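Each ligand, and each atom within it, is numbered from 1 in the order the structure gives. FYI, the numbering just counts along the sequence from 1. Everything numeric in this text was worked out from a predicted model, so none of it was measured.
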Amino acid sequence: MTKAIMTKPENVAPEHFIRQIIKQDLASGKHQGRVATRFPPEPNGYLHIGHAKSICLNFGLAQEFSGTCNLRFDDTNPEKENQEYIDSIERDVRWLGFSWSGDVRHASDYFLQLYEYAVELIRQGKAYVDHLNAEQMREYRGTLTEAGRNSPFRDRGVEENLALFEQMRAGAFDDGECVLRAKIDMSSPNINMRDPVIYRIRKVDHHQTGNEWQIYPMYDYTHCISDALEEITHSICTLEFEDHRPLYDWVLDQLPVPCHPQQIEFSRLNLNYTVTSKRKLKQLVDEGHVNGWDDPRMPTIAGMRRRGYTPSALRQFCEMIGVTKSPGVVDVGMLEFAIRDDLDRNAPRAMCVLRPLRVVLENYPESSSEELWLSAHPKDESLGKRRLVFERELFIDQSDFMENPPSDFKRLTVGGEVRLRGGYIIKCERVIKDGQGVPIELRCSYDPETLGKNPVGRKVKGVIHWASANHSLKVQVRLYNRLFNHTSPDSGEDGKHFLEHINPESLVVLEGCVAEPGLVQASDALAYQFEREGYFVLDAKDSSSDALVFNRTVELRDSWAKVQK
Ligand code: ATP
Ligand code: MG
């Protein structure tokens, strides 16, 4: 397990190797002074935090150098892809704050061109139709230490290959009966160069091209040609494609493509306590371990959005972690740091009592109430004021009262005093309990001389949040914790499957929480700080006008600062 990277944000060099390559290329005039990147997701799942890094990098570099960035769906696997994923990906890229150049592209837009290029390869004697089955092909491929062997079909003539490939296209063969392979070198030390398959038969409909094709091009063959057709200059991808680069270059070198983009690899983002394999995320969804791709516990962009993470915080995070070629694991605390940093500055403040305990102010007139105006943000006057109602019956949090407190307890005790945030100082006169001895109501008094003033002759240190009993909203609050309680859930350490590391307390639902009235206007796009509790955002899906649901975005505690000490 690689050690988690914890770098202070201010120490991250703004420069990284890909930016340097681009600057050099611009200086030398390599791509006629152009910068053209692309983000090429396969629409077989929702985007996650790792994709956010790639999006910020590709779109960010294009912005920085006045270039272009395309959004291209790498859609060569029709069985696993669908329109829902396409829609979600477009939405997520936009939400992150980026717009692509021109129309959305699809590798499938180029199916005809890709087919014609394959015919061209056959004509040049550089591709052949092979009838080995999958198992035989594996056998013939050899291993890392042992060269492969030529297929018995490798040397069939151009005309025969052209005819067979045409028949493949026309549906004369069944799935798996034959494939088209590039003729490169079965003894290459790079296994990717041992006559890779470039076309296979799949008799399935495609979400873009319907039933037009019965053969589909393979990813490695498609990707480089798509890049070239779009005249991409810098084709940025993750490190696992380094060994595929010779194939990327080989294909482009054989064909009359308009340009030859440069593939550049960087190391993918890995986050501790998090799984970012699409296959595993899909499993979490399909097996119901979470409530959909946009479950706020998911590291998907849709999940993070629903949880109250902001696009600016995610972009900031991607900037902080930098871009390198060395594999590493980033501490999820760094992501949380970026979220908190953003929300501390921008989230309006509000009060919400999560576990209510009734307080009756015995000396407060029964039929009376008064308005209190508090600032929505301690440091940003522009966010305005919020209205609270103070009255005889209120709620405080159960944890803010203790009958037998430790000596350093600064909140409410029997006979003790505390200030209600923005309101008066109250004193607990007696406690009413249920049959099990659990406090159910506090009978208190308030000091009318203490609104906005300190009391004369005594110090009251504690300040707690509260909500009025009759002028508040009853809301549901969902407390989210990490989805996994293991630093590297899918490492297979301890011989355990990643599902075994799911945190049973990743979601705690609190009903009957009491929130200040202004939250009726909360939007799902902006989190609030519930004072003393954390940041919370209106749930976009499950809230209705008479039943608001709030998701905890992140706790207040700054674990990042703790690590730095
Ligand atoms: P798969 O190909 O297994 O479905 P993938 O995560 O590679 O999954 P793609 O849709 O192919 O998904 O990814 C689109 C782009 O996002 C690729 O360029 C890929 O390199 C990049 N990407 C994916 N995961 C990460 C990650 N964890 N960190 C950085 N970039 C990533
Ligand atoms: Mg991929």
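For E240, no nitrogen or oxygen atom sits less than 3.5 Å from a nitrogen or oxygen atom of ligand 1, counting backbone and side chain alike. For the pair L269 and ligand 1, the shortest N or O to N or O distance falls below 3.5 Å. Of the polar atoms of K278, at least one N or O is found under 3.5 Å from an N or O of ligand 1, judged by distance alone. In terms of polar-atom proximity, R268 is counted as a contact of ligand 1, with an N or O under 3.5 Å from an N or O of the ligand.
Residue T238 has at least one heavy-atom neighbour below 4.0 Å for each of these atoms of ligand 1: 19 (C), 20 (O), 29 (C), 30 (N), 31 (C). Counting atoms of ligand 1 from 1 in the listed order, those under 4.0 Å from a heavy atom of N44 are 4 (O). Atoms of ligand 1 lying under 4.0 Å from any heavy atom of S54, numbered from 1 in the order shown and given with element: 16 (O), 21 (C), 30 (N).
Q24 and K30 share no side-chain donor-acceptor pair at under 3.5 Å.
Within the structure, every pair that satisfies the ring-ring contact (aromatic ring centres under 6.0 Å, His included) test and touches residues 47-68, not counting sequence neighbours, is listed here: H48-H51, F59-F98.
The closest donor-acceptor contact from the side chain of E146 to the backbone of T143 lies at 3.5 Å or more, if one exists at all. When atom types are taken as modelled, the side chain of N551 and the backbone of R306 share a donor-acceptor pair closer than 3.5 angstrom.
By the criterion of a heavy-atom distance under 4.0 Å, the side chain of H48, and not its backbone, is placed next to ligand 1. Of all the heavy atoms of S277, none lies under 4.0 Å from any atom of ligand 1, so neither backbone nor side chain is involved.
Ring pair F241/Y219 is tilted by interplanar angle, where 30° to 60° counts as tilted.
Taking a 4.0 Å cut-off on heavy atoms, F39 registers as neighbouring ligand 1.
Heavy-atom proximity to atom 22 (N) of ligand 1, evaluated over E42, R72, H51, K53, is greatest for H51.
Residues H244 and H223 place their aromatic rings such that the two centres sit no closer than 6.0 Å. Separation of the F153 and H131 ring centroids falls under the 6.0 Å cut-off.
A search for salt bridge (Lys or Arg N to Asp or Glu O under 4.0 Å) contacts involving R552 returns nothing, not counting sequence neighbours.
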